[in-house]
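A short worksheet on the structure shown next.
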Amino acid sequence: MSIVEVSGLAKSFGQTQVFQDISFRLKSGELVTLLGPSGCGKSTLLRCLAGLITVDAGRIAVDDRDITGTPAYSRGIGMVFQSYALFPNMTVAKNIAFGLAMQKLPADEIAARSAKVIGLVELSGYESQYPHQLSGGQRQRVALARALVVEPKILLLDEPLSALDARIRKSLRDQIRDIQQRLGLTTIFVTHDQEEALILSDRIFVMDGGRIVQEGTAESVYAEPASQFVARFMGHYNLLDGTQSKALLGIETTGYIAIRPESILLSDHPTETEEGIPGVVRRRQLLGNIIRYSVESTGVSLSVDRLNGSADDLLPEGAAVRLRIDKSILREVH
């Protein structure tokens, strides 16, 4: 049974419609990511689910209980913000225990539950420190612990990693996923970073213009984009219009042909008799373990990804190559 059911949600601020007709179900224990560009409505949607903003229309239910008009503090939902939102005059321990203190629980229960979650987020030894004494990653772990300690039914994470540097971001991302799976906690994660979404999610909801335009597993959304927008947003797809696809592939289309850069095979010692599409390397980008080449062929520029083996394997600008494209994995999008 779905633990969360959202039906027909809509929200506007004045004449500006933020989102409309949002409907979905979440299963118990899954992590779903709301993925989309800035301004698509994902953070506002999260705040509506948390009860921080009222909706104009629609219904939010948790365990078959309608919570659409329920105050935020009674929803059983924990939320972690991008900005941490910690109390600067409180220690780590008091920040984490704040929600329990507001519930007026016994001191020994507050201490036991706080200690448990402090260990879970690996903050033991920092209990007496204040937020200004912590790193960004540590502050975000305090915010996560504060949300977890009240034992929410649902956890909402609003771009919690975007203010962190790359190394801390990857480490905390993995920690969040590990904690979420260990607790079996139903979670909604908001981000504009497709790599984060692909790594973290059981399912991804791609949003654009206030609507969910595609939903599915990380694998299906990446490999089978439903539209030109999703193909562009989910990575570095090559999108060929009708003229380009006809010239390069001999395929006629009224939309676009989407080709993943890593699905194009590149031969860098072509012979005249070798099968494939002739091309010329125009530039290259080093992306860590990937080299992304821009290859021109029949007037079309294609991005082609290749594993970065060694410096000796790098192709210079102007190198002649041949491309092989498996037509069975092409996607037609509109």
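If you're wondering where the values come from, they're calculated on a predicted model, not measured in any experiment.
Judged as a side-chain contact (heavy atoms from CB on, under 4.5 Å), and not counting sequence neighbours, the contacts of Arg182 are Leu120, Asp178, Ile179. Scanning for side chain to side chain donor-acceptor pair (under 3.5 Å) contacts around Ser263 gives an empty result, with sequence neighbours left out. Partners of Ser171 under the side-chain contact (heavy atoms from CB on, under 4.5 Å) rule, at least two apart in sequence or in another chain, do not exist in this structure. The side-chain contact (heavy atoms from CB on, under 4.5 Å) test applied to His132 returns Tyr130, not counting sequence neighbours. By the ring-ring contact (aromatic ring centres under 6.0 Å, His included) test, Phe19 pairs with no residue at all, sequence neighbours left out. Contacts of Phe229 classified as ring-ring contact (aromatic ring centres under 6.0 Å, His included), with partners at least two apart in sequence or in another chain: Phe233. For Ser220, the side chain to side chain donor-acceptor pair (under 3.5 Å) test picks out Thr217, with sequence neighbours left out.
You'll find the side chain of Pro225 reaches within 4.5 Å of the side chain of Arg331, heavy atoms only. Side-chain contact between Thr186 and Lys27 is absent, with no heavy-atom pair separated by less than 4.5 Å. Inter-residue side-chain proximity for Ile22 and Met207 is flagged as met; some heavy-atom pair is nearer than 4.5 Å.
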**Request:** Decide side chain to side chain donor-acceptor pair (under 3.5 Å) for Asp193 and Thr191; before the verdict, give the C-alpha distance in whole Å, the side-chain angles of both, and the deciding distance to 0.1 Å.
**Result:** CA-CA 5 Å; Asp193 187 315; Thr191 185; 5.4 Å; no

**Request:** Could you give me the CA-CA distance, side-chain angles and deciding distance for Arg169 and Glu195, then say whether salt bridge (charged side-chain N to carboxylate O under 4.0 Å, His left out) is met?
**Result:** CA-CA 12 Å; Arg169 184 172 185 155; Glu195 179 180 318; over 6 Å; no

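Identified under the salt bridge (Lys or Arg N to Asp or Glu O under 4.0 Å) test for residues 227-251, with sequence neighbours left out: Lys246-Glu252. Counting only residues at least two apart or on different chains, the salt bridge (Lys or Arg N to Asp or Glu O under 4.0 Å) pairs with a member in residues 210-221 are Arg203-Glu215.
Among all heavy-atom pairs drawn from Arg75 and Leu49, the shortest one is NH1-O, 2.9 Å. Of all the heavy atoms in Ser245 and Thr253, the pair that sits closest is OG-CG2, 3.3 Å. Summarising the geometry of Ser43 relative to Val190, their closest heavy-atom pair is OG-CG1, 3.9 Å, with the distance given to 0.1 Å. Between Thr33 and Ser201 the shortest heavy-atom distance is OG1-OG, 2.5 Å.
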N/O donor to acceptor pairs below 3.5 angstrom from side-chain atoms of residues 88-110, sequence neighbours left out:
{"residue": "Thr91", "atom": "OG1", "partner": "Lys94", "partner atom": "N", "Å": "3.2"}
{"residue": "Asn95", "atom": "OD1", "partner": "Phe87", "partner atom": "N", "Å": "2.8"}
{"residue": "Asn95", "atom": "ND2", "partner": "Phe87", "partner atom": "O", "Å": "3.0"}
{"residue": "Asn95", "atom": "ND2", "partner": "Met90", "partner atom": "O", "Å": "3.1"}
{"residue": "Asn95", "atom": "ND2", "partner": "Thr91", "partner atom": "O", "Å": "3.2"}
{"residue": "Glu109", "atom": "OE2", "partner": "Arg113", "partner atom": "NH1", "Å": "3.0"}

Pairs of donor and acceptor atoms involving the side chains of residues 138-147, under 3.5 Å and at least two apart or interchain, shall be tabulated with distances.
{"residue": "Gln138", "atom": "OE1", "partner": "Ser135", "partner atom": "N", "Å": "2.9"}
{"residue": "Gln138", "atom": "OE1", "partner": "Ser135", "partner atom": "OG", "Å": "3.3"}
{"residue": "Gln138", "atom": "NE2", "partner": "Tyr126", "partner atom": "OH", "Å": "3.2"}
{"residue": "Arg139", "atom": "NH1", "partner": "Pro131", "partner atom": "O", "Å": "3.4"}
{"residue": "Arg139", "atom": "NH1", "partner": "Leu134", "partner atom": "O", "Å": "2.6"}
{"residue": "Gln140", "atom": "NE2", "partner": "Phe81", "partner atom": "O", "Å": "3.3"}
{"residue": "Gln140", "atom": "NE2", "partner": "Pro160", "partner atom": "O", "Å": "2.5"}
{"residue": "Arg141", "atom": "NH1", "partner": "Val121", "partner atom": "O", "Å": "3.1"}
{"residue": "Arg141", "atom": "NH1", "partner": "Glu122", "partner atom": "O", "Å": "2.9"}
{"residue": "Arg146", "atom": "NH1", "partner": "Ala85", "partner atom": "O", "Å": "3.0"}
{"residue": "Arg146", "atom": "NH2", "partner": "Tyr84", "partner atom": "O", "Å": "3.2"}
{"residue": "Arg146", "atom": "NH2", "partner": "Ala85", "partner atom": "O", "Å": "2.9"}

Can you give the donor-acceptor pairs under 3.5 Å from side chains of residues 288-295 to other protein atoms, not counting sequence neighbours?
{"residue": "Arg292", "atom": "NE", "partner": "Asp305", "partner atom": "OD1", "Å": "2.7"}
{"residue": "Arg292", "atom": "NH1", "partner": "His236", "partner atom": "ND1", "Å": "3.4"}
{"residue": "Arg292", "atom": "NH1", "partner": "His236", "partner atom": "NE2", "Å": "3.1"}
{"residue": "Arg292", "atom": "NH2", "partner": "Asp305", "partner atom": "OD2", "Å": "2.9"}
{"residue": "Tyr293", "atom": "OH", "partner": "Leu315", "partner atom": "N", "Å": "3.0"}
{"residue": "Ser294", "atom": "OG", "partner": "Ser301", "partner atom": "OG", "Å": "3.2"}

